[in-house]
Amino acid sequence: MGVVVADGKGPGVQAPDGGWGWAVLVGCFVITGFSYAFPKAVSVYFKELIKEFHIGYSDTAWISSIVLAMLYGTGPISSVLVNRFGCRPVMMVGGFFASAGMILGSMCTSIIQIYLTVGVMTGLGLALNFQPSLIMINRYFDKRRPLANGLTAAGSPVFLCTLSPLGQILIKTYGWRGGFLIFGGLLLNCCACAALMRPLLPSGKEKAKLKEEKVTPVQKPKMQLLDCSVFKDRGFLIYTIAATVMVFGLFVPPVFVVNYAKDLGIPDTDAAFLLSILGFVDIFARPLCGILAGTKFMRPRCAYFFAFAMLFNGITDLGGSFAHDYAGLTVFCIFFGMSYGMVGALQFEVLMAIVGTQQFPSAIGLVLLMEAMAVLVGPPGAGKLLDYTKVYRYVFYLAGSEVVLSALIMTLGNYFCIRGKAKPPETEPKEDVQEVRPGELDQEQGTVESVEVEQFLKSDTEENGEIVPTPETSV
């Protein structure tokens, strides 16, 4: 277990809130961008894959779904590996897997092989990078953690603005196989970012202080990685149902909007640029929504604000079905980027308000596992509908209806089950922080237990009144 202690935020080690932490932030920015932009950007290759393998839209949509399902569903696996080997080695291996998946995908001769390489292998590699990057941000930043998380989260829309047009250019220049190969080379940058994740070690003063204040460790029971008792909370059940239904339709428009534009006769480069417009708006929507949700007026009504964001997104999807030219699709992407960013900024803040700080780490893991199932079914189901109808309008009807339904579930559930729990989380964490903090647990135990897994998912409890738009909310 010596490796774990060296890699973690060891006894007496304080977050530097700067210094090398800014280099860590740059690495996490890149990793977040690849993790969340890649499943959307790869959709520009779908039309070429359909021609190459003589398959339908639903078959190609499985690629994005598998990548997202691996990103969501393998979180616990990544956490266990980090506890055992540390962040840097896990991220190095993840970067290699992500790159190897795309390189092997360029040599595939069937869609099943692409599922296994681009979907499973690259998706697993991105997951092994994304989860540890959250841990490192939380280890290196304390007082400036909201700022660090906000800057890291911006990687998703920034990379979406660049990877989609780049993919279209690569298709024209080198074909889809050459594009996959070059994307594989780009993903090797994840290994370079992993090298920046330098373990935190105590300074000379901290070591001296530890020797003076050394206390015999008190044996404490290990904390559970996933506390399933959270399902006893009716508010959590309502939230989980609403979030799962939302995910069925949330990722459908970004996957199909490019091909929808091509089907309308819009040039390929202009069609791919639609995702860049969406991502550009998303860059500003996330932090602005977080600032608004952190105001005194909106904070107690955050659950209703989240329901409004879902309703806004669903209505935008329904309105997108009436777009019949490039101008209409541009307007759709602008409003979708706004609503998508709002949902991403609010999703897990509302979850914390419902379950409280103590149960949040377990709750977020369980919610992500549930959403992984929806991610795996949503886009392929919409693709199957498109194969049968050959009309994109019905795909947007389906996605919009699912997201609107989730907004109704969240609103009614909040009114009857959650509204009385909006304020307690603001005062409860302050008491908990004074009694037991993640760093103090390490000082008492001397070893890194499962609390390390929970630490990277926690919001800054001392700044609980603020909204922290994290990379997790980009899904």
Margin query: Using 0.5 Å steps for rounding, measure from the CD atom of Glu402 to the CG atom of Leu250.
Written below: 10.5 Å
Check: For Met91 and Cys193, what are the C-alpha separation, side-chain angles and deciding distance, and is it a side-chain contact (heavy atoms from CB on, under 4.5 Å)?
Finding: CA-CA 8 Å; Met91 295 175 73; Cys193 294; 5.7 Å; no
Check: CD/Glu48 to CD/Gln168 distance, rounded to the nearest 0.5 angstrom?
Finding: 8.0 Å
Checklist line | Closest non-hydrogen atom pair, Ile277 against Cys333 | finding: CG2-CB, 4.3 Å
Next item on the list: Specify whether Phe130 and Tyr36 have parallel, tilted or perpendicular ring planes, treating 30° as the upper limit for parallel and 60° as the lower limit for perpendicular.
Entry: perpendicular
Note to self: Suppose we call two aromatic rings close when their centres sit under 6.0 Å apart. Are Tyr260 and Phe256 close by that rule?
What the structure shows: no
Check: About how many Å separate CZ of Phe46 and NZ of Lys51, when rounded to the nearest 0.5 Å?
Finding: 15.0 Å
Check: Is the closest side-chain heavy-atom distance between Leu170 and Phe183 below 4.5 Å?
Finding: yes
Notebook entry, point to check: Can you tell me how far SG of Cys87 sits from CG of Asn129, rounded to the nearest 0.5 angstrom?
Noted result: 10.5 Å
Residues 315-322 side chain polar contacts: donor-acceptor under 3.5 Å, at least two apart:
{"from": "Thr316", "atom 1": "OG1", "to": "Phe312", "atom 2": "O", "distance (Å)": "2.7"}
{"from": "Ser321", "atom 1": "OG", "to": "Leu318", "atom 2": "O", "distance (Å)": "2.5"}

Note to self: So Phe53 and Ile112, do their side chains get closer than 4.5 Å, heavy atoms only?
What the structure shows: no
Notebook entry, point to check: Within a radius of less than 6.0 Å around CZ of Phe96, do more than 12 heavy atoms belonging to other residues, nucleotides or ligands occur?
Noted result: no
Notebook entry, point to check: Among Val404, Thr411, Leu408, whose side-chain contact (heavy atoms from CB on, under 4.5 Å) with Leu311 holds?
Noted result: Val404
Margin query: Between Asp325 (side chain only) and Gly328 (backbone N and O only), is there a donor and an acceptor less than 3.5 Å apart?
Written below: yes
Notebook entry, point to check: What do you reckon, is CZ of Phe305 surrounded by more than 12 foreign heavy atoms closer than 6.0 Å?
Noted result: yes
Notebook entry, point to check: Does OH belonging to Tyr394 count more than 12 external heavy atoms closer than 6.0 Å?
Noted result: no
Next item on the list: Just do the ring pair (Phe, Tyr, Trp, His ring centres under 6.0 Å) check on Tyr340 and Phe336 with the steps written out, would you?
Entry: CA-CA 6 Å; Tyr340 189 79; Phe336 184 86; 5.5 Å; yes
Next item on the list: Report the C-alpha separation of Val247 and Leu68 in whole Å, then their side-chain angles, then the decisive distance to 0.1 Å, and conclude whether the side-chain contact (heavy atoms from CB on, under 4.5 Å) test is met.
Entry: CA-CA 11 Å; Val247 170; Leu68 287 171; over 6 Å; no
Checklist line | Heavy-atom donor-acceptor pair, Asp59 side chain to Gly56 backbone, under 3.5 Å | finding: yes
Next item on the list: Find out whether Leu386 and Val391 are in side-chain contact, i.e. whether some heavy atom of one side chain is under 4.5 Å from a heavy atom of the other.
Entry: no
Item checked: Audit row: Val343, Val403, side-chain contact (heavy atoms from CB on, under 4.5 Å) steps and yes/no -> CA-CA 11 Å; Val343 170; Val403 180; over 6 Å; no
Notebook entry, point to check: Does some side-chain heavy atom of Val252 sit less than 4.5 Å from a side-chain heavy atom of Leu398?
Noted result: no
Notebook entry, point to check: Would you say Thr32's side chain and Phe29's backbone share a donor-acceptor pair under 3.5 angstrom?
Noted result: no
Margin query: Is the ring pair Trp176/Phe180 parallel, tilted or perpendicular, if the boundaries are 30 and 60 degrees?
Written below: perpendicular
Next item on the list: Would you check if the distance from the ring center of Phe332 to the ring center of Phe396 is below 6.0 Å?
Entry: yes
Next item on the list: Taking all heavy atoms of Gly167 and all of Tyr45, pick out the closest pair and write down the distance.
Entry: CA-OH, 3.7 Å
Check: Taking all non-hydrogen atoms of both residues, which atom of Pro253 and which atom of Gly249 are closest, and how far apart?
Finding: CD-O, 3.3 Å
Check: Should Arg88 and Arg198 count as side-chain neighbours, where that means a heavy-atom distance under 4.5 Å?
Finding: yes
Checklist line | Where Ala307 and Ala407 come nearest, the two heavy atoms and their spacing | finding: O-CB, 3.5 Å
Check: Looking only at side chains, do Thr109 and Gln113 share a donor and an acceptor under 3.5 Å apart?
Finding: yes
Checklist line | Short side-chain to backbone donor-acceptor contact, Ser99 and Gly184, under 3.5 Å | finding: yes
Notebook entry, point to check: Roughly how far, to the nearest 0.5 Å, is the CG atom of Leu237 from the NZ atom of Lys232?
Noted result: 12.0 Å
Next item on the list: Carefully, step by step, assess Ile63 and Ile111 under the rule side-chain contact (heavy atoms from CB on, under 4.5 Å).
Entry: CA-CA 9 Å; Ile63 300 173; Ile111 191 64; 4.1 Å; yes
Margin query: Tell me the closest heavy-atom pair linking Ser406 and Met246, and the distance in Å.
Written below: OG-CB, 3.4 Å
Notebook entry, point to check: For atom CZ of Phe280, is the number of surrounding heavy atoms from other residues, nucleotides or ligands below 6.0 Å larger than 12?
Noted result: no
Check: Which atoms form the tightest heavy-atom contact between Ala98 and Thr122, and what is the distance?
Finding: O-OG1, 3.2 Å
Next item on the list: Could you tell me whether the side chain of Val24 reaches within less than 4.5 Å of the side chain of Met197, counting heavy atoms only?
Entry: yes
Margin query: More than 12 heavy atoms of other residues, nucleotides or ligands under 6.0 Å from CZ of Phe97: yes or no?
Written below: no
Next item on the list: Calculate, to the nearest 0.5 Å, the distance between atoms CD1 and CG belonging to Ile334 and Leu274 respectively.
Entry: 10.0 Å
Next item on the list: With the side chain counted from C-beta on, respond yes when Leu71 and Ser35 share a heavy-atom pair under 4.5 Å apart, and no when they do not.
Entry: yes
Check: Is any side-chain heavy atom of Val257 less than 4.5 Å from a side-chain heavy atom of Tyr392?
Finding: no
